[in-house]
Amino acid sequence: MKTEPESWSVDDFLKAPKKTTHWDGVRNYQARNMLRDEMKLGHEVLVYHSNAEPPAIVGLAEVVREGYPDPSSWDKSSHYFDEGTSPDNVRWYMVDLRLKEKFAQPIPLPQLREDPQLDGMELLRKGSRLSVQSVSSAHFAHILRLAGAK
DNA sequence: GCCAACGTTGGC
DNA sequence: GCCAACGTTGGC
């Protein structure tokens, strides 16, 4: 899952109570479907910093609450407000994530790109913008090794 | 700051 | 249903 560290970073996870956050603000239908339908309790998540210097995979999190309505969509003061949504007309969903580990060695995008073991990874596709992506178990395991994950 | 890729909107 | 215009994402 991607995040801009300016808005939410792996260090913000460390500061959060129980290292847990609501992953709100996703406003893309494909990503919404994954949040709502596919992400299950205990699923592991790689945390990626986009628009960062350098862009990098920076940590490992897990799903601690499965998809449920994202109330920021009917909060007029929210940047993520979406007219027409309400508790009775839910459009956007979020999950809760808990950080399991901040990587000792974040893996910068250029390193990911040059690693043949990661060929075909969606993140590395040109023009890949989806903020929630699935990662194959082989790629996932390889990334954990690169990161020196515990 | 540039711009390619992508998603959404809305006229027709 | 097509597609041009527009807005956003995000690497560089």
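If you're wondering where the values come from, they're calculated on a predicted model, not measured in any experiment. Convention: sequence-line order gives letters A, B, ...; per-chain numbering from 1.
Note on ring orientation: taking the six-membered ring where Trp is involved, the planes of A:Phe13 and A:Trp23 are parallel (angle under 30°, cut-offs 30° and 60°).
Here the closest non-hydrogen pair linking A:Met1 and A:Met39 is SD-CE, 3.6 Å. Shown here for A:Thr85 and A:Trp74, the closest heavy-atom pair between the two residues is O-CB, 3.4 Å.
When DNA chain C is scanned 5' to 3' for any atom under 4.0 Å from a heavy atom of chain A, the first and last hits are C:dG7 to C:dC12.
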Step by step, would you call A:Arg32 with A:Asp70 a salt bridge (Lys or Arg N to Asp or Glu O under 4.0 Å)?
CA-CA 10 Å; A:Arg32 188 279 308 269; A:Asp70 175 355; over 6 Å; no
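How far CG of A:Leu14 is from OG of A:Ser9: 8.0 Å, rounded to the nearest 0.5 Å.
A:Arg125 comes within 4.0 angstrom of the backbone, heavy atoms only, and of no base.
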